[in-house]
Amino acid sequence: MSAEVFRNYINGEWVDGDTFENRNPANTDEVVGLFGKATTADVAKAAESAQAAFAGWANMAAPARGALLYKVADILDKKFDQLGAEMTREEGKTLPEAKGEVRRAINIFRYFGGEGARMPGMVVPSERDRVHMFAIRKPIGVVGQINPWNFPIAIPAWKLAPALIAGNTVLLKPASASPLSSWRIVEACHEAGIPKGVVNFIAGSGGAIGGAIVNAPQVKAISFTGSCDIGNWIHAEASKRRLRIQLEMGGKNPTIVLADADFNAAVENTCNAAFFSTGQKCTATSRVIVEDAIYDKFVEALVARTKKLKVGNGMEPGIDIGPAIDQGQLDVNLRYIEIGRKECGEPLCGGKRLTGGAYDKGFFIEPTIFAGVTESMTLAQEEIFGPVLAIMRAKDFADALRIANNIPFGLSASIQTSNVSRVFDFVYGMEAGLLTVNLPSAGVEYQLPFGGTKDSSFGPKEQGPAAMEFYSDWKTIYLKY
Ligand code: NAP
């Protein structure tokens, strides 16, 4: 059977052109689809069409834009099961995780659809007689959105929905490793009747078309999620034109486990945050910092729990962990495991690629734990983005917090404790944009701001009401009556 073709979408039309193949990371015999391989000329056309569509879209009443976002949500909802299965096939995460992410994307479209009828401005009293002063939000224009592969529907949704409700038009670039889920969003936008040119989908290698997106003269803002290397390049490039930018990048997220924590919950939360989704969440835990008094007991329990995890094809029931996204990420994981071996000896569990039978067709790797990791080790400092966890020992809470903060990143962090004072010390002292208490470090909702600090992030936050700060400008009016 020949593979289905998913073409790029420019100015309201599905465009022909060269394609690239996308394969299932759990079974590389299976082609998920052929995707349009955009050229720089396609990017230029998309930017022109987005510019041409801008005035009409921006001038549509915001609640009418909201009604279209509700329609997008309804269309996605009707395909809920299909979208979950497709995501598992393209990204590898388990079916329940994929469905959870699809549900989140649908909720995001509904949430921002509702924003169309709110869009709060400001009205304040003037010091002058008979002067009415107020401020309203206006869209910024054409926005470029560059997405990573690890949340292939939630991240494009949380970039696209607020951009659209604010009245912007969009060039959406999916990650080449997982373009299908966001293609489905664009298909839903088309079916919902969002006017031509408002949403443009341009798949293709970031190395080949990324520069054309950032440098398209019509583009006024770039929202990027991905690696620090590409994010830093976008920062330098976009700053030349003083573009508005929003960068969400890497992390090295800690979970602090104190002696007074609910022990079993702490083990479960750490295991979940470190290994589910194959450790490929930007908010995943990659360092667990354990108070000395329970260190040995915690290490033993965490290793025992981790050994029970089932690795395999995420479509199968009972599987906890799918494959790495591709050969490149698998190689990165294995390289860091070798570094770990040199730095602190054999891992307490895992450490190998899984082979034999169906494993040979995918990029499967054992969840891996290194203990006795210290602050200066590579394992404690560099993002791996795979199921490789470093366990570190801390004398007490203050030492744990110091270790947790001793990295250049600041995306997410978690604490496991029953001491409310330690919780607040953590809330005020931890240098990260997203904190959890007695929960896994990963697992966010859409109603509050999302983003990190330090080298993890740059620019205004995504999601929740904060998203509107990036996607709109204030216009202030003084009116004498
Ligand atoms: P990546 O390699 O930086 O790719 C991200 C996106 O940038 C992809 O669409 C990629 O296209 C594109 N790209 C590549 N080269 C480009 C260029 N020269 N100009 C413009 N765009 C370019 O990151 P990834 O491997 O997809 O994702 C993993 C990283 O994302 C990790 O570091 C993770 O921590 C981070 N992440 C962060 C968050 C957060 O919210 N902070 C969330 C998720 C992931 P191609 O796919 O075609 O190469």
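Counting starts at 1 for both ligands and their atoms, following the listed order.
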Which ligand 1 atoms are under 4.0 Å away from a heavy-atom of [X]?
| X | answer |
| --- | --- |
| Phe224 | 3 (O), 5 (C), 6 (C), 7 (O) |
| Cys282 | 34 (O), 36 (N), 37 (C), 38 (C), 39 (C), 40 (O), 42 (C), 43 (C), 44 (C) |
| Ser176 | 45 (P), 46 (O), 47 (O) |
| Asn150 | 43 (C), 44 (C) |
| Leu411 | 41 (N) |
| Trp233 | 19 (N) |
| Ile146 | 6 (C), 7 (O), 9 (O), 12 (C), 20 (C), 21 (N) |
| Gly226 | 3 (O), 5 (C), 23 (O), 29 (C), 30 (O), 32 (O), 35 (C), 36 (N) |

Margin query: Would you say the ring centers of Phe450 and Trp158 fall short of 6.0 Å from each other?
Written below: yes
Under 4.0 angstrom from ligand 1, any heavy atom of [X]?
| X | answer |
| --- | --- |
| Gly204 | yes |
| Ile155 | yes |
| Phe450 | yes |
| Gly207 | yes |
| Pro174 | yes |
| Ser205 | yes |

Margin query: Counting only heavy atoms closer than 4.0 Å, does ligand 1 sit against the backbone of Asn147, its side chain, both, or neither?
Written below: backbone
Check: Does ligand 1 have a heavy atom under 4.0 Å from the side chain of Glu383, from its backbone, from both, or from neither?
Finding: side chain
Margin query: Test your reading of the model: is there a side-chain donor-acceptor pair from Glu383 to the backbone of Gly251, 3.5 Å cut-off?
Written below: yes
Checklist line | Interatomic distance, Thr285 atom OG1 to Lys252 atom NZ [nearest 0.5 angstrom] | finding: 10.5 Å
Check: What protein heavy atom sits nearest atom 24 (P) of ligand 1, and how far away is it?
Finding: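 Looking at atom 24 (P) of ligand 1, the protein heavy atom closest to it is Trp149 NE1, 3.4 Å.
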Next item on the list: Around atom 28 (C) of ligand 1, find the nearest protein heavy atom and jot down its residue, atom name and distance.
Entry: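 Residue, atom and distance for the closest contact: Phe385 CE2, 3.6 Å.
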